[in-house]
Amino acid sequence: MAEPAKRNATYRDVLDAPPNEVAQVIGGELYLQPRPAAAHQGISGGVGDELSGPFRRGRGGPGGWLLVAEPEVHLAADILVPDWAGWRRERMNTLPNGAYFDLAPDWICEILSPSTARIDRVRKLPVYAREGVKHAWLIDPRARTLEVFRLETGRWVLLATHAEDEVVRIEPFEAIEFHLEVLWADLAPIDDDVR
């Protein structure tokens, strides 16, 4: 006897997910992950601390960006929740009225953990490329690295990998020096999953 056809996950599945889970639909499959752990949130806060003043508010930098932590982004049938996303204000000047974004961001940042790294790299990055997201950062708390990617002719190109306490200028936010030590400042040694 043939197996019944598998139903593609939908936005209804995201809405019905438990409140302590991050729900995403990628390629018709529902992915549920626990809410981020404290170390993950600390790193995410460091990203926001470094970028929000200069790029969202224009304090000490050029402004011109709308930056959002953990937005729900609907891209065709895929529903993704990057750790950070940014839109240039000439493409999106104000936040949408609804619960999600349906315009692909210009930049995304994913904070990797053992339970999310494969999904972030193998499932989500191709969706971001398909939708024309121009820049991607992958932060690995265990290795204390930040990988910087640029989309070129539909493919991700690794521009650089930065580590530890480097002070660097990173696309698309190269107008300021980014202090990587801010990302790891509050981290205890990581022995288990940070998600």
Side-chain angles (χ1 to χ4, degrees), residues 22 24 33-73 75 80-89 91-92 95 100-101 103-117 119-121 124-125 127-129 131 133-151 156-190 193-195:
V22 175
Q24 301 179 94
Q33 300 163 328
R35 299 292 314 157
H40 180 112
Q41 292 175 17
I43 291 170
S44 180
V47 171
D49 289 348
E50 288 293 290
L51 298 180
S52 288
F55 293 97
R56 184 167 179 243
R57 294 182 186 91
R59 294 184 190 145
W65 284 83
L66 186 62
L67 301 169
V68 181
E70 294 192 17
E72 184 176 293
V73 182
L75 304 171
L80 307 180
V81 181
D83 291 303
W84 276 94
W87 291 262
R88 293 184 185 274
R89 288 203 182 261
R91 292 187 60 237
M92 183 167 59
L95 295 170
Y100 58 84
F101 297 77
L103 178 66
D106 295 292
W107 164 81
I108 61 91
C109 176
E110 297 284 3
I111 301 168
L112 307 176
S113 71
S115 66
T116 66
I119 295 166
D120 291 336
R121 288 181 182 280
K124 292 171 78 172
L125 277 179
V127 173
Y128 295 135
E131 297 297 322
V133 175
K134 302 287 186 229
H135 302 276
W137 291 6
L138 299 181
I139 298 174
D140 186 335
R142 289 177 177 270
R144 295 186 182 212
T145 59
L146 187 156
E147 295 172 278
V148 182
F149 294 89
R150 180 191 315 135
L151 189 66
W156 290 113
V157 174
L158 177 63
L159 299 179
T161 301
H162 302 291
E164 295 294 339
D165 60 352
E166 288 183 59
V167 177
V168 293
R169 293 184 182 269
I170 309 171
E171 284 189 18
F173 304 110
E174 64 270 12
I176 64 159
E177 290 185 335
F178 191 97
H179 297 255
L180 265 65
E181 66 187 9
V182 169
L183 302 178
W184 336 118
D186 300 322
L187 291 186
I190 299 174
D193 194 358
V194 296
R195 181 127 191 132

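The first residue of the sequence shown is numbered 1, and numbering continues consecutively from there.
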query: Can you tell me how far CE of Met92 sits from CG of Leu66, rounded to the nearest 0.5 angstrom?
result: 5.0 Å
task: Kindly give the heavy-atom pair with the smallest separation between Pro141 and Trp184, and that separation in Å.
output: CA-CZ3, 4.1 Å
- prompt: Given the rule in the side-chain contact (heavy atoms from CB on, under 4.5 Å) test, do Glu164 and Leu180 qualify, once you have shown the distances and angles that lead to the verdict?
  reply: CA-CA 6 Å; Glu164 295 294 339; Leu180 265 65; over 6 Å; no
- prompt: Of the non-hydrogen atoms in Leu103 and Leu75, which two are nearest, and what is the gap between them?
  reply: C-CD2, 4.4 Å
message: Could you check whether any side-chain heavy atom of Glu110 comes within less than 4.5 Å of a side-chain heavy atom of Thr116, counting everything from C-beta outward?
response: no
The single option from Ile111, Asp83, Ile108, Ile170 passing side-chain contact (heavy atoms from CB on, under 4.5 Å) against Trp137: Ile170
Identified side chain to side chain donor-acceptor pair (under 3.5 Å) counterpart of Asp106 within the set Lys134, Arg91, His135: Arg91
message: Could you measure the distance from the CD1 atom of Ile139 to the OG atom of Ser44? Nearest 0.5 Å is fine.
response: 8.0 Å
message: Show, in sequence, the C-alpha distance, side-chain angles and deciding distance for Gln33 and Ile119, and conclude whether the side-chain contact (heavy atoms from CB on, under 4.5 Å) test is met.
response: CA-CA 11 Å; Gln33 300 163 328; Ile119 295 166; 3.5 Å; yes
- prompt: Does any non-hydrogen side-chain atom of Val73 lie less than 4.5 Å from one of Val68?
  reply: no
query: Does the Arg169 side chain pair with the main chain of Ala175, one donor and one acceptor, at a distance under 3.5 Å?
result: yes
Heavy-atom closest pair, residues His179 and Glu177: CD2-O, 3.6 Å
- prompt: Under a 4.5 Å cut-off applied to non-hydrogen side-chain atoms, are Leu146 and Glu166 in contact?
  reply: no
Close side-chain approach of Pro82 and Trp107, heavy atoms under 4.5 Å: no
field: Inter-residue atom distance Leu159.CG - Arg150.CZ, 0.5 Å rounding
entry: 4.5 Å
Side-chain (Arg89) to main-chain (Trp65) donor-acceptor, under 3.5 angstrom: yes
query: Backbone N or O of Leu125 within a donor-acceptor pair of the Trp156 side chain at under 3.5 Å?
result: yes
message: Which heavy atom of Pro105 sits nearest to which heavy atom of Gly86, and what is that distance?
response: CB-O, 3.5 Å
query: With a 4.5 Å heavy-atom cut-off, do Val133 and Leu151 have their side chains touching?
result: no
- prompt: Minimum heavy-atom separation for Gly46 to Val182, with atom names?
  reply: CA-CG1, 3.7 Å
field: Pro71 vs Tyr100 side-chain heavy atoms within contact, under 4.5 Å
entry: no
- prompt: For the residue pair Ile176 and Glu50, what are the closest heavy atoms and their distance?
  reply: CD1-O, 3.5 Å
query: So how far is it from Leu112 CG to Asp140 CG, rounded to the nearest 0.5 Å?
result: 5.5 Å
query: Can you find a heavy atom in the side chain of Leu183 that is under 4.5 Å from one in the side chain of Phe178?
result: yes
message: Between Glu70 and Gln41, is there a side-chain heavy-atom distance shorter than 4.5 Å?
response: no
